[in-house]
Amino acid sequence: MQQHLSWLIGGPQGSGVDSAATLFARVCGASGLWVFGQREYHSNIKGDHSYYQVRVADTPLRGPVGPIDVLATFERRTLLLHKEYLTSSGAVLFDPVLVKAGDLDGVKVAVEVPYAEFIEKVAAEFQKQVVRLQIIKNVLSVAATFGLLGLEFKILQEEIEKLFVGRRAKLAPMNVFAARTAYESTVERKPREFRFQLEPIAGAGERIFVNGVQAIGMGKILAGCKLQSYYPITPAADECDFLESHPESGVAVVQCEDEIAAMAMAIGGGVMGVRSSTSTSGPGFDLKTEAIGWAGMNEVPVVVFNYQRGGPATGLPTRHEQGDLSQAIHGGHGDFPRIVIAPADMEEYFVDGFQSFNLADRYQTPVIVLVDKALANSTVTIPRPETGKWRVDRGALASPEDLQGNRENGGQFRRFRITDDGISPRPFPGAEGGIFWCTGDEHDEFGHITEDPGNRDRMHAKRMRKEETALKEIPARDQVRFFGPESADLTFLTWGSPKGVLLEASELLRSEHGISANLLVVHLLRPFPSGLVTARLQAARRTICVEMNISGQFENLVRQCTGISIPHNIRKWNGRPMTVEEVVAAARAIQDHSQKRVVLHHGV
Amino acid sequence: MQQHLSWLIGGPQGSGVDSAATLFARVCGASGLWVFGQREYHSNIKGDHSYYQVRVADTPLRGPVGPIDVLATFERRTLLLHKEYLTSSGAVLFDPVLVKAGDLDGVKVAVEVPYAEFIEKVAAEFQKQVVRLQIIKNVLSVAATFGLLGLEFKILQEEIEKLFVGRRAKLAPMNVFAARTAYESTVERKPREFRFQLEPIAGAGERIFVNGVQAIGMGKILAGCKLQSYYPITPAADECDFLESHPESGVAVVQCEDEIAAMAMAIGGGVMGVRSSTSTSGPGFDLKTEAIGWAGMNEVPVVVFNYQRGGPATGLPTRHEQGDLSQAIHGGHGDFPRIVIAPADMEEYFVDGFQSFNLADRYQTPVIVLVDKALANSTVTIPRPETGKWRVDRGALASPEDLQGNRENGGQFRRFRITDDGISPRPFPGAEGGIFWCTGDEHDEFGHITEDPGNRDRMHAKRMRKEETALKEIPARDQVRFFGPESADLTFLTWGSPKGVLLEASELLRSEHGISANLLVVHLLRPFPSGLVTARLQAARRTICVEMNISGQFENLVRQCTGISIPHNIRKWNGRPMTVEEVVAAARAIQDHSQKRVVLHHGV
Amino acid sequence: MAFKIGEYRNDSHNDWCVGCGDFGILSSIHKALVVLQIPRHRVIVFSGVGCSSKTPHFIQTYGVHTLHGRSVPFASGAKIANPDLEVLAVGGDGDGYGIGVGHLVNAGRRNLSITYIVFNNGVYGPTKGQASPTLARGTQTKSLPQANINDAINPLALALTAGFTWIGRGYSFDVKGLTDLIVAAIRHKGTSLLDVIQPCPTYNDIHTKEFWGEKVETESGPLPRILRLDEESYDGKVADPADPEEVARKQVQAFERCNRIEARMPVGVFYEIALPTFMERLAERIPSLKFSTPAQAPVADGQGRPTTSIETILAGFRV
Amino acid sequence: MAFKIGEYRNDSHNDWCVGCGDFGILSSIHKALVVLQIPRHRVIVFSGVGCSSKTPHFIQTYGVHTLHGRSVPFASGAKIANPDLEVLAVGGDGDGYGIGVGHLVNAGRRNLSITYIVFNNGVYGPTKGQASPTLARGTQTKSLPQANINDAINPLALALTAGFTWIGRGYSFDVKGLTDLIVAAIRHKGTSLLDVIQPCPTYNDIHTKEFWGEKVETESGPLPRILRLDEESYDGKVADPADPEEVARKQVQAFERCNRIEARMPVGVFYEIALPTFMERLAERIPSLKFSTPAQAPVADGQGRPTTSIETILAGFRV
Ligand SMILES: Cc1ncc(C[n+]2csc(CCOP(=O)(O)OP(=O)(O)O)c2C)c(N)n1
Ligand SMILES: Cc1ncc(C[n+]2csc(CCOP(=O)(O)OP(=O)(O)O)c2C)c(N)n1
Ligand code: SF4
Ligand code: SF4
Ligand SMILES: [Mg+2]
Ligand SMILES: [Mg+2]
């Protein structure tokens, strides 16, 4: 039988929910199991309700689900908010001191975790004050879960010891003691009705357990990014924090005064030939609009990661949405070439952290990578990426001969030479014979301002031609990705993070409802692979466009680029990621009743 | 016979070309003739080549043409740059001192204007230094043209006298004297081959002679706009200058530190219930992106005029383009409702200067008006708008009873009440019982932050519903405008300023080439009138999409909103407006050879 | 019938951390409104984005929580539109001295009657405690992976240079003193900047309540770290604004005072001058502003007919 | 083989007005490069947007004409990427003290080795002469429909407050003096701000070449309007940057000097201090910066294989 568990822990922000969940997930990962963890929190520092769902299974997992098998609580609010999502055989870990009459109504398996008792034990053993040990409840819930699931204590102990290192090493014994207390007590008390069991598996191969910002950060470092300018914003700041905490990687991480400066600095770095990037989220992304256009006009390679979150304006700053597609594709006055890509899972976050720089260098234009809060804050086990095969592509550079040839002639270089593919070899400032100018004004081949109408005709067209070149050169598999049977009842069409739930949902639709489904994920969003998408859509029996925003930004883009109106859609905009079950239900409603639109509402 | 003349004057920037052309145009206007004047200049203060084309006819004129009937020059560069566009019977006014051998080759009618001689006469008469009188060459060229055309001197004299008033009144006699000198001398010397004749006409009705910024400015003043915040940028700053020079209109014109502040201030005014607006161009428009989204989120009525010019980046700052459509429609992260309209001729500039505030108040959301450099800097005779019929619509306001009812309950008001049409009555701050909050975060009906998923579902949908309401309520004639026969060989589809040339081109296509054409101009660009446009396009035999940008932003929008791919297009991006002749030629190429795309190149 | 403090409080969910200095500032604002007895519907409070910028939601007046760094221009537009309302702007040091500092400098050039209160905690709250522009170089709060690499700015000197006409500093846990300062700042006709030292116990473990509460060694023995300028007989007020020499002298004095190296932190009014407000200057240009504010100016009559005439302007364009 | 002035000139079309002060600044930059003998491919000049911002096109070095108000952050990114190049930023007063002033203030906090030259003409050129932030209130140049309504800022005081480590003022038609100042500014290790008085004959008919050339009445009789600080034995340099008292004293002195009310306009160096540059501070964090600049750091080997290792980081994530 397949192993699968959905575990959820909740509590006030700042009470350690994250670390508890991470500990639980890491231990499961260390047991060879596959993990998908999803973090939900308010735009608040301390006190508001946050929770973390961890799915564990013996096969790779790709997205969140609604039902909860084990709900770990140490306060009442979490119990009340989440208990309705318990599966019929699901269990609750609860604090007997806090629970009130009726709170556990309808809960089949309620496991008492006497936190106060455990804490007193720990306090006595380590001669600490009880009030100072409240934070330990997290470890206690994890340990209790462990006891319930019948996993070996040893692995938990090891992970706890790994967690408390350096200055915090002295806390390890106390935490291990606490964990053991809760573990043993729960093993004893384990109710019979509780059926879940997780068994360690072996031979899963080399795997890593990372969240989205870490995956991207590593991709960037490997790509040789040396300048990351940024202005703090949730959730993009985490990536910068990650880079900054790895000074050995040589990335100069610069906190700027605003997003305009951050964009300008990254472009400044790009002009100099240094791989440069900036990361931001919606409001900051808006502020970069003007400068991104300048980079397009001046053919500067630069990478912008935009971590989408609920918009517009400040919106839902810590919640999920795919609402910045229109701005990424169309933002900015006038026309300039740009590359927009959207990785759709943790592996792709890693790859595109790397690959985005190759695209920027090759097409000498801004590359916008649309990622989102959901995956940025999800932590997942993935096979170690095969980075050994990855290659750096710096694009067309001025050759030493070219430079040499210009030394006489004032040392200047035709930086913006009009070429057939639109790409002009570039020197790096500092090179003798490479002098050029940049300007936001229309310019000649050296980069000097000119308003000559003929030059404008040609130079503007030259720049735009780079998009055609990109569409020709980028391998089809990096433009769109197709999954499932060639022919199916349903074709899901999506971009970005819904990919995961759609893959899982397709499985369920087939196995449980006899509906076959395949999936087309568009990875390259600008220039848009109209041909590839059209071919797939024309072959589809019934297409459903799935995205996380209210207006159907992607659906509109598809219509704009292919002329095809997708007959059905599934949308969600309440800030919480789609779950497998609600997608399955929506797909069934569409298949059975030809419903045009299904809006999803799941979420706490 | 139809009267028609195309006159062009050129010279270094700052040498008075503008005032000469304006004088010429006003005099023609005063003679009852219809005028269309187009101004072209470099992004430079003094010295670079600028020119002004004035068309005059006995019927209303709508756009520029290529051919020149009379080329008025007082320096060599203008002669050399423009003479190739002279019609076969066209005349050149030239300075005999500056012309070199061969300069006049191919020119049929060359009229000598001995500027130096005239200036010496004036200098002698008024005891001035010759070097100080160089600027008078402008008046001389206009007067010479007048002599050539056989128009009465009296009208010219009157206009000159109107021009020199106040501090400059003492200059009038000298200018009149100079003009008379040139006029009489040219009348004498008028070559026989010169066939053009302009005759004053009577009974043209009450007309005004205005440029785009003046038309918009008057519309705004009439609408009761009381706050215009701005940051200087070409060509939008002219509008602010106009408003500032009419302090009696009561508009507080505030020069800000940047476009972000300008947008924020206008929104601040909008929150207070004051009709507020800002005007800008591409680079500044980009910077407003974030704040516009905030206004959408907070349902603030505010008007943004964007004067399009050549992009991207600084681009061609004093040249024409329709390149900001994508940004206007799609700019900004997340989804929020907005109204985007594009007036297409001088009358509409006036109307939309007024009407934009009604739309903003009615739908409580930002209204973006896309205008452009071409019409902003064109000066045209139009019938005096029938403003007597115009009405102010302030939209849904909190009633006194509503306010009264809230006095008890903390004085607060459900500003963002969820309604069927998405519109919630609003109080103006300062009102008792009207207290509300705004926030960029998702909020409840009072405007307080909430991350509740159900509230998000409803509140986000409520806001977006306003676009549906607008599409229902706005009269069809304000959504799209159709011209010409119901059925025609060709259907032109456009938005904004190409309307004028397309109307004239349609006339020519019919009369000279036997091709019938009609024209659909989309005025409401968001929400997009998909139904109305689809109906027209489905009825069309052959549709040509015409716009002034390289990528077909409008064509793409049409495809996005209707699924219809327009088979043919005419585009131009060299910064110079389309002329009637090149559109005619392009339409013929499309009609005769089914050409898919024609790119236009005319322009100096 | 006097307005009581409860009437200025709003009970919408407050999610600040326990012990946050923001609470002291909030209650000082409530108290200042009581002192000033302004009807709550005649006040409008603007803010940017940050922990501190949630403040308007906790005050029972009109409240506008704008964008990060933009409270001042939003507030300025509102003040121009309706100068009869009392306009406050509040927000964090990142908001006001970082991303928004360009607006701060340029607001000083206008002198609208706006009171701007900056919550100075040395860090960025919601984004997890990065250094704000007031954190000294080399300082490493617990939220920073490495010590701060940028120099701090001096907000009072900056405001002085920018042309603010009232400049003060307060301390968030000295609610009494702070209330007085807020009252004075609001009473001032012109733009006032009130910088408030605000402990952030969550991210800034250096400038804590304890730190500010300590006594420090001085030449005159141990003294409270917080030093009240008015006890020092410091007078920052320009007596004769028409005397350029006095103005220059008082500015240098203010600069010296806020630039001085000392263990103690002075609070109080550093500089004050009466200059024409922006509305007064605008009214010199636009005659109608002498009689009615933009908000009062009628737009249409009962039938919706526009009431602003363009006849004279149109006449100028007639041909 | 010495570099000559002609080698630093670029003959692309210069469209400045006749008599514009920009010409004097341009030729002072050319001359300063001759003095410094920096090979032209080792210099990169950034600018914003405005008349003055066209300058890079007239200098035969790498040149980057960026966006309005953004020259400083563009230049900063470039300097961090390749600190071996000499990085200059130039532009107008609207560009630098108006829309770009937020970057100016925050650049002061970093102290990258960049020389920033601001062309101060009191107006916005390309948009037809609106008031820039340095035009005094009440002044009406011929380009203004009404007298200026905003107070002027004091750019030198602003730079001081922002933390600039070299602050000077020059005059565009004093090419010799200006050249010296530019040389000194470039030689300074850290961010320097050089404000240059620049007549705009087209729009600013008040601060003309004639105006600046006049003698003015002083207590010591008529003297040239332009006053050289070095003739006044003014010393703005901090001798011991580690002495906070001296630093504070010199700052007050500089503030007083640039804030003084006087008929004459002082030019020269107002303040100078040696502080660690941003690159030095960064190198404290990032060890590799001690050996190679970001531009020098290899990205890939001959086969395109990435040369930055992530093995240790990856190991931390292994499960
Ligand atoms: C344009 C933009 N950039 C970044 C952010 C993210 N952000 C939210 S609050 C904040 C900093 C707040 O710090 P501060 O202004 O000092 O306020 P505090 O939280 O300390 O009170 C930032 C950077 C944002 N909301 N908008
Ligand atoms: C974002 C943006 N806003 C406005 C403009 C228009 N603009 C061009 S130059 C300029 C002002 C230039 O003045 P200044 O910086 O003082 O330079 P100067 O021309 O006086 O040398 C402005 C506002 C622009 N190019 N970009
Ligand atoms: S993070 Fe700091 S500033 Fe924000 S609420 Fe908590 S204590 Fe206050
Ligand atoms: S407008 Fe003024 S600043 Fe610009 S080039 Fe002419 S004189 Fe120089
Ligand atoms: Mg702060
Ligand atoms: Mg200037």
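So that the names make sense, note that chain A is the first sequence line, chain B the second, and so on, each numbered from 1. Note: hydrogens, waters and symmetry copies are ignored here, and every other heavy atom, side chains too, is used. Computed from a predicted structure; not experimentally measured.
- The backbone N or O of D/Pro306 lies less than 3.5 Å from no partner atom in the side chain of A/Trp390, so there is not a single donor-acceptor pair.
- Counting all heavy atoms, side chain and backbone alike, D/Val299 lies closest to A/Arg394 at CG2-NH1, 4.2 Å.
- At a 4.5 Å heavy-atom cutoff, A/Asp444 makes no contact with chain D through either its backbone or its side chain.
- The two residues D/Ile310 and A/Phe350 come nearest to each other via the heavy atoms CD1-CZ, 3.7 Å.
- The candidate from D/Arg70, D/Arg42, D/Arg40, D/Arg285 with the greatest count of non-hydrogen atom pairs under 4.5 Å with chain A is D/Arg40.
- Between D/Asn82 and A/Val274, every side-chain heavy-atom pair lies at or beyond the 4.5 Å cut-off.
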- Check the pair D/His57 / A/His443 against side-chain contact (heavy atoms from CB on, under 4.5 Å), numbers first and verdict last. CA-CA 11 Å; D/His57 293 285; A/His443 42 260; over 6 Å; no

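- Counting heavy atoms from C-beta on, the side chains of D/Val64 and A/Trp294 come closer than 4.5 Å.
- For D/Lys128, the salt bridge (charged side-chain N to carboxylate O under 4.0 Å, His left out) criterion is met by B/Asp238, not counting sequence neighbours.
- Residues D/Arg318 and A/Arg384 come closest through the heavy atom pair NH2-NE, 4.3 Å.
- For D/Ser288, the part lying near chain A is the side chain, with the backbone staying farther off; criterion is any non-hydrogen pair under 4.5 Å.
- With sequence neighbours excluded, the residues that form a ring pair (Phe, Tyr, Trp, His ring centres under 6.0 Å) with A/Phe242 are A/His246.
- Between chain A and the options D/Ala300, D/Ala295, D/Pro294, D/Ala297, the largest number of non-hydrogen pairs under 4.5 Å is found for D/Pro294.
- Closest approach of A/Met265 to D/Ser76, counting heavy atoms only: CE-CB, 3.8 Å.
- Across D/Ile44, D/Thr61, D/Val105, D/Leu289, the residue that shares the most heavy-atom pairs under 4.5 angstrom with chain A is D/Thr61.
- Between D/Thr308 and A/Gly224, the shortest heavy-atom distance links the atoms OG1-CA, 3.9 Å.
- Legend: residues meeting ring pair (Phe, Tyr, Trp, His ring centres under 6.0 Å) with A/Tyr231, ordered by chain and number and at least two apart, are C/His68, C/Tyr124.
- By a heavy-atom distance cut of under 4.5 Å, A/Gln214, A/Met218 are the residues of residues 211-220 of chain A near chain D, going up by number.
- The shortest side-chain heavy-atom distance between D/Tyr62 and A/Val271 does not fall under the 4.5 Å cut-off.
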- Task: Applying side-chain contact (heavy atoms from CB on, under 4.5 Å), run through A/Ile260 and D/His103 and close with a yes or a no.
- Result: CA-CA 9 Å; A/Ile260 299 176; D/His103 306 306; 4.2 Å; yes

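- Put simply, the side chain of D/Asn10 does not reach to within 4.5 Å of the side chain of A/Phe446, judged on heavy atoms.
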